[in-house]
Protein chains: 2
Amino acid sequence: MVMGRPRSFDMDKALDEAMEVFWRHGYDGASLAMLTKAMGIKAPSLYAAFGSKEGLLKAALDRYALRRSEHMRYVLAGPTARDVAERFLSSIAESHTDPANPPGCLLVQGGLACGAGSENIPFELASRRAQTETELLGRFAQAKEDGDLPTDADPVALARFLSTVASGMGVMASSGANRDALRAVASVSLNAFARSGQD
Amino acid sequence: MVMGRPRSFDMDKALDEAMEVFWRHGYDGASLAMLTKAMGIKAPSLYAAFGSKEGLLKAALDRYALRRSEHMRYVLAGPTARDVAERFLSSIAESHTDPANPPGCLLVQGGLACGAGSENIPFELASRRAQTETELLGRFAQAKEDGDLPTDADPVALARFLSTVASGMGVMASSGANRDALRAVASVSLNAFARSGQD
DNA sequence: CAACTTTTATATCGAGTGGTAGATAAGTCT
DNA sequence: AGACTTATCTACCACTCGATATAAAAGTTG
């Protein structure tokens with residue numbers, strides 16, 4: 001049952017705009033003035049809907065995770081560990097240079113270091129990055145059980161390696177690296193992966 | 001010829017303190033209050049010596065580069081391309097987890113995204129990161145001339161790959177990855193490097 | 001319609017921002 | 001010593017920060 005005056009702005013559209021601001025300027029660099037202007041609402045509406053600037057970021061991060069969940073489902077559905085790695089790195093080369101978004105990855109651009117009062121933001125972002133690594137780890141552990149990876153393979157190291165390269169690609173993309181440059185990095189990384197994991 | 005009242009604080013010591021603040025909180029997150037407290041000087045002294053907050057960052061970056069120049073000299077002196085890569089990644093695993101410094105890399109932590117009025121900071125940092133990549137590229141091009149790398153090797157891709165992994169390791173370190181974790185990443189990366197560059 | 005509930009806009013809060021003016025202190029040079 | 005030059009300090013500048021009190025507006029429900 002809904003009562004009272006209905007919200008006059010579209011929640012998801014507003015979150016998409018907020019996401020872009022955080023993506024481009026980081027948490028500290030994204031001022032309320034920027035956010036409210038981009039979202040097309042006033043500060044009191046923002047606080048009524050999200051509670052705080054940090055609450056807004058978390059809502060935007062949830063939406064970001066939702067966007068990427070379908071990609072990750074496809075990645076993890078790769079038939080072999082090597083295919084999974086290839087899908088993972090390729091999709092990142094594409095998404096991190098998608099002109100529809102700011103370059104790089106929100107989970108990296110959002111803030112590796114923050115000022116006083118925002119100390120927990122880097123932890124929040126790190127925790128979300130770690131989720132992807134955990135998903136890869138689970139898939140590689142499965143691959144090992146399946147005999148798809150050799151018995152001496154180290155799924156932890158492989159997942160961590162891919163996660164590290166992904167973050168590095170985020171840094172490169174935010175610095176202006178284009179899609180082909182990221183594809184080349186993915187290609188070299190994949191060679192390393194194959195040697196460590198399979199040969 | 002020196003005239004007038006001499007500076008009463010040690011420039012290099014103050015810069016080391018400023019470096020640590022920028023390293024830990026990023027450019028935007030480092031307030032003048034933090035900086036002046038850490039440096040043990042007042043704002044007017046800071047502005048007289050460095051001109052602006054951005055000038056202070058650049059001075060700290062210069063000092064950071066100075067610190068790492070000896071490491072890079074050792075790295076580039078590696079006898080083979082593979083040795084260079086190994087030295088590069090190993091030294092990063094160590095330096096990014098050196099308890100004497102904040103975790104990660106100043107050139108990454110300093111700010112991938114900034115707020116209004118600091119838009120050029122990410123460019124400045126990216127340009128400094130690119131210098132290392134260029135140095136690696138030069139070394140690998142030399143290796144190719146020497147016949148140390150096969151004729152079909154791609155020095156640009158190899159240098160970019162190592163630079164990307166280095167940035168990724170910076171992200172991981174700032175998220176709490178310990179030295180062994182980074183060493184494992186370096187090890188996997190090195191396998192990929194060898195396969196792409198030499199086998 | 002009237003009672004009720006929630007959202008919205010205006011205006012503003014105290015705290016903190018980067019940066020500076022003016023006076024004083026501390027040294028060097030003739 | 002005395003003139004000169006530079007550094008440092010106190011106090012403060014205009015502005016922006018994230019966040020909110022208040023009241024009007026816009027709906028739903030009886």
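Every chain is numbered from 1, with letters handed out A, B, ... down the list of sequences. Hydrogens, waters and symmetry mates play no part in the numbers below; they use all other heavy atoms, side chains included.
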Pairing residues for [X] by the side chain to side chain donor-acceptor pair (under 3.5 Å) criterion, not counting sequence neighbours:
X        : value
B:Gln142 : B:Asp146
A:Asp62  : A:Arg128
A:Ser31  : none
A:Glu17  : none

Side chains of residues 100-115 of chain B: which donor-acceptor pairs under 3.5 Å do they make with residues two or more places apart or in other chains?
unit_1   : atom_1 : unit_2   : atom_2 : d
B:Asn101 : OD1    : B:Arg67  : NH1    : 3.3
B:Gln109 : OE1    : B:Ser174 : OG     : 3.1

Rounded distance (Å) that lies between atom [atom2] of [N] and atom [atom1] of [X]:
X       : N      : atom1 : atom2 : result
A:Lys37 : D:dC17 : NZ    : P     : 12 Å
A:Met11 : C:dT6  : CE    : C1'   : 14 Å
B:Lys53 : C:dG19 : NZ    : P     : 8 Å
A:Glu54 : D:dC17 : CD    : P     : 18 Å

Could you identify which residues of residues 27-36 of chain B place a heavy atom less than 4.0 Å from some atom of DNA chain D, listed by residue number, or say none?
->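 None, since no heavy atom is under 4.0 Å.
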
Which pairs pass ring-ring contact (aromatic ring centres under 6.0 Å, His included) with one or both residues in residues 100-145 of chain A, sequence neighbours excluded?
->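 Only A:Phe140-A:Phe193 qualify under ring-ring contact (aromatic ring centres under 6.0 Å, His included).
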
Contact list for residues 63-93 of chain B, test ring-ring contact (aromatic ring centres under 6.0 Å, His included), sequence neighbours left out |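 For residues 63-93 of chain B, and leaving out neighbouring residues, the ring-ring contact (aromatic ring centres under 6.0 Å, His included) pairs sorted by first residue read B:Trp23-B:Tyr64.
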
Side chains of B:Val75 and B:Arg139: closer than 4.5 Å at any heavy-atom pair?
->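 They are not in side-chain contact.
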
Side-chain contact test, heavy atoms from C-beta onward, threshold under 4.5 Å: evaluate it for B:Leu125 versus B:Leu61 and give yes or no.
->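 They are in contact (side-chain heavy atoms under 4.5 Å apart), so the answer is yes.
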
Got a sec, which residues hit ring pair (Phe, Tyr, Trp, His ring centres under 6.0 Å) with A:Tyr47, two or more places apart in sequence or on another chain?
->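 A:Tyr47: no ring pair (Phe, Tyr, Trp, His ring centres under 6.0 Å) contacts found.
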
What does the list of N/O pairs under 3.5 Å between the protein and nucleotides 13-15 of chain C look like, with a distance for each?
none

Under 4.0 Å between a side-chain N or O of A:Tyr47 and OP1 or OP2 of D:dA19?
->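 True: A:Tyr47 side-chain N/O within range (under 4.0 Å) of D:dA19 OP1/OP2.
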
Are A:Val188 and B:Val84 in one and the same hydrophobic cluster, where Ile, Leu, Val, Met, Phe, Trp and Tyr link if side-chain heavy atoms are under 4.5 Å apart?
->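 Yes.
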
No-hydrogen, no-angle side-chain donor-acceptor test under 3.5 Å, A:Thr80 and A:Asp148 =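 No donor-acceptor contact under 3.5 Å links the two side chains.
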
Mark yes or no: A:Arg7 above the aromatic ring of A:Phe9, with NZ or CZ under 6.0 Å from the six-membered ring centre and no more than 45 degrees from the axis.
->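 Yes, cation above the ring, under 6.0 Å and within 45°.
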
Under 4.0 Å protein heavy-atom contact, by nucleotide of nucleotides 1-15 of chain D - B base, S sugar-phosphate only | ----BBBSBB-----

Given axes from five pairs at either end, by how many degrees does the helix from C:dC1-D:dG30 to C:dT30-D:dA1 bend, rounded to 10°?
->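 That helix has its two terminal axes inclined by roughly 10°.
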
